[in-house]
Participant: 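Okay, here's the structure, questions in a sec.
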There are 2 protein chains.
Amino acid sequence: MYRETKQRKIIEDIIKNTREHPDALWVFQKAQEKTSKISLGTVYRTLELLVREGKINKFYDTSAVARFDSNPNPHHHLICKICGKIIDWHDENLDKRIEEIGKVNKFKDITSEIFIYGICPECQRK
Amino acid sequence: MYRETKQRKIIEDIIKNTREHPDALWVFQKAQEKTSKISLGTVYRTLELLVREGKINKFYDTSAVARFDSNPNPHHHLICKICGKIIDWHDENLDKRIEEIGKVNKFKDITSEIFIYGICPECQRK
DNA sequence: GTCGTTGCAAAGACTTTGCACTCAA
DNA sequence: TTGAGTGCAAAGTCTTTGCAACGAC
């Protein structure tokens, strides 16, 4: 199915051997140091492939567009993976836990953004 | 300082009177129904202004680019607001709490993405 | 030889910005 | 009057995609 190309090996190697959380451009530049013949398009394609294979993880959903929320108070979001519905959610315990994690890591001025994805009751019926 | 323009009132009104979590285009289209003279640029500028004033909330960080993580196991991220450093974090209790919130809302196949922002120990010293 | 992969460049999607004009104060 | 705000279109950024050439199997 998948072919073991030079590019794929290089990219997989780079991402597996960093504790950074690099973006595509960073990976591309690293890859260029190892082989002059590689393109950004290939890096994007290969990274997506590795994500689909479950070998790596991608974060920050780039297909998402900015959304605005009339509720300025801190709260989190439940998002339906099927219909895209978004439900506001506030949970003190969750916030406390987040605070603690911040403290353990000696971080200050903690804020957080939590996205809970799932399938909503309506979409489960379909 | 800020001037009360027709456009600003319309946009603020639209966003305050929806329980949706609209994006800029949606707001723009709604606004066009009320006045033909409005541009997408103004909508973007005004929404950002409302965010800065603390009147509304913006989510999905669109200045963020996709990042890839060599750790494919579920975990969350602590991010320094100053230097951008990202620390992986796994917390069972947090995950349990998230599961519960999913259940309460009758959502299935729960996954989550948590971003904890703060100032890291190194940056606190500067 | 086949067909999955690649490089390249163009296209896409969303958002920001420069500029001259407009209009709130 | 005057400068903050606007419309418009162009530019910007990140990412995806079409296509001919390439190369793993």
Side-chain angles (χ1 to χ4, degrees), chain A residues 1-15 20-69 77 79 84 86 113 115, chain B residues 1-15 20-53 55-69 79 84 86 113 115:
Chain A
M1 180 84 197
Y2 293 134
R3 291 181 182 170
E4 275 236 334
T5 65
K6 192 179 165 192
Q7 293 86 340
R8 194 157 295 174
K9 269 187 253 174
I10 289 173
I11 292 169
E12 193 165 347
D13 187 59
I14 288 170
I15 199 106
E20 310 281 320
H21 297 72
D23 60 18
L25 190 61
W26 188 94
V27 174
F28 171 60
Q29 287 163 345
K30 282 276 169 188
Q32 275 191 316
E33 292 169 11
K34 303 199 179 184
T35 174
S36 50
K37 271 291 182 189
I38 193 160
S39 70
L40 231 196
T42 295
V43 171
Y44 274 105
R45 275 184 292 225
T46 304
L47 289 171
E48 286 301 335
L49 183 101
L50 293 170
V51 170
R52 282 201 303 279
E53 289 185 288
K55 292 186 176 174
I56 65 173
N57 186 251
K58 177 184 184 177
F59 65 101
Y60 290 142
D61 179 1
T62 48
S63 70
V65 302
R67 286 176 171 277
F68 299 87
D69 188 326
H77 296 102
I79 302 166
I86 298 171
E113 191 131 33
F115 302 106
Chain B
M1 180 86 197
Y2 293 133
R3 292 181 180 172
E4 276 236 333
T5 66
K6 192 179 166 193
Q7 292 87 339
R8 193 157 294 174
K9 270 188 251 174
I10 289 174
I11 293 169
E12 194 165 347
D13 186 59
I14 288 171
I15 199 106
E20 310 281 320
H21 297 72
D23 60 19
L25 190 61
W26 188 94
V27 174
F28 172 59
Q29 288 164 345
K30 282 276 170 190
Q32 274 191 316
E33 293 169 12
K34 302 198 179 182
T35 175
S36 49
K37 271 290 180 191
I38 194 161
S39 72
L40 232 195
T42 294
V43 171
Y44 274 105
R45 276 184 291 228
T46 304
L47 288 172
E48 286 302 334
L49 183 102
L50 292 170
V51 170
R52 283 200 304 279
E53 288 185 289
K55 292 187 176 175
I56 65 172
N57 184 251
K58 176 184 183 175
F59 66 100
Y60 291 141
D61 179 2
T62 47
S63 70
V65 302
R67 286 175 172 275
F68 299 87
D69 187 326
I79 302 167
I86 298 171
E113 191 133 30
F115 301 106

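Please read these numbers as outputs of a predicted model, since none were measured by experiment. Lettering follows sequence order; numbering is per chain, from 1.
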Participant: Send over the distance from Lys58(B) NZ to dT15(C) P, rounded to a whole Å.
Facilitator: 7 Å
Participant: Please determine, for the side chain of Arg3(A), which listed nucleotide (dG18(D), dG4(C), dG7(D)) has the closest atom?
Facilitator: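 It is dG4(C).
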Participant: Name the nucleic acid region contacted by Arg8(A), choosing base, sugar-phosphate or nothing; use a 4.0 angstrom heavy-atom cut-off, strictly under.
Facilitator: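 Sugar-phosphate: the residue Arg8(A), judged by heavy atoms under 4.0 Å, touches backbone atoms but no base.
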Participant: dC8(C) P sits how many Å from Tyr44(A) OH, rounded?
Facilitator: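 Rounded to whole Å, this separation is 16 Å.
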Participant: Any side-chain heavy-atom pair from Ile11(B) and Arg8(B) closer than 4.5 angstrom?
Facilitator: no
Participant: Going by modelled atom types, is there a donor-acceptor pair between the base of dG4(C) and the side chain of Arg45(A) at under 3.5 Å?
Facilitator: no
Participant: If I take atom CD1 in residue Ile10(B) and atom C1' in nucleotide dT6(D), what distance separates them, rounded to the nearest angstrom?
Facilitator: 13 Å
Participant: How many whole angstroms separate atom CZ of Phe68(A) from atom P of dC14(C)?
Facilitator: 13 Å
Participant: Of the candidate nucleotides dC8(C), dG5(D), dT2(C), which contains the atom at the shortest distance from the side chain of Thr5(B)?
Facilitator: dG5(D)
Participant: Less than 4.5 Å apart, any side-chain heavy atom of Ile38(B) and any of Phe28(B)?
Facilitator: yes
Participant: What is the ring orientation for Phe59(A) with Phe115(B), classed by angle as parallel under 30°, tilted 30 to 60°, or perpendicular over 60°?
Facilitator: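 Ring orientation of Phe59(A) relative to Phe115(B): tilted.
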Participant: Base, sugar-phosphate or nothing for Leu25(A)? Non-hydrogen atoms, less than 4.0 Å.
Facilitator: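 Nothing, no heavy atom under 4.0 Å.
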Participant: Output the rounded distance in Å from CD (Glu12(B)) to P (dG5(D)).
Facilitator: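 Rounded to whole Å, this separation is 13 Å.
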Participant: Go through dG7(D), dA25(C), dT6(C) for me and flag the one nearest to the Ser39(B) side chain.
Facilitator: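 Of all the options, the side chain of Ser39(B) is nearest to dG7(D).
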Participant: Checking contacts here: which listed nucleotide (dG7(D), dT16(D), dC25(D)) is nearest the side-chain heavy atoms of Ile38(B)?
Facilitator: dG7(D)
Participant: Using whole Å, report how far CD of Glu4(B) lies from C1' of dT6(D).
Facilitator: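 The answer, rounded to whole Å, is 16 Å.
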Participant: Leu49(B) CG to dT17(C) P: how many Å, rounded?
Facilitator: 14 Å
Participant: Show the numbers, then the answer: is there a salt bridge (Lys or Arg N to Asp or Glu O under 4.0 Å) between Glu48(B) and Lys58(B)?
Facilitator: CA-CA 8 Å; Glu48(B) 286 302 334; Lys58(B) 176 184 183 175; 2.5 Å; yes
Participant: Do the non-hydrogen side-chain atoms of Asp13(A) and Lys34(A) ever get within less than 4.5 Å of each other?
Facilitator: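 A side-chain contact under 4.5 Å exists here.
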Participant: Between Thr42(A) and Arg67(A), name the one whose nearest nucleotide on DNA chain C is closer to the 5' end.
Facilitator: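 Comparing both residues, the 5'-ward one is Thr42(A).
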Participant: Here's a test of your reading of the structure: between Lys6(B) and Leu40(B), which maps to the more 5' nucleotide of DNA chain C?
Facilitator: Leu40(B)
Participant: Taking only the side-chain nitrogens and oxygens of Gln7(A), find out if one of them lies under 4.0 Å from OP1 or OP2 of dG23(D).
Facilitator: no
Participant: Round to a whole Å and report the spacing from CD of Glu48(A) to C1' of dG4(C).
Facilitator: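 Roughly 18 Å, once rounded to whole Å.
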Participant: From dT16(D), dT5(C), dT6(D), pick the nucleotide closest to the side chain of Tyr2(A)?
Facilitator: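 Of all the options, the side chain of Tyr2(A) is nearest to dT5(C).
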Participant: What is the nucleic acid contact for Lys37(A), judged by heavy atoms within less than 4.0 Å: base, sugar-phosphate only, or nothing?
Facilitator: sugar-phosphate
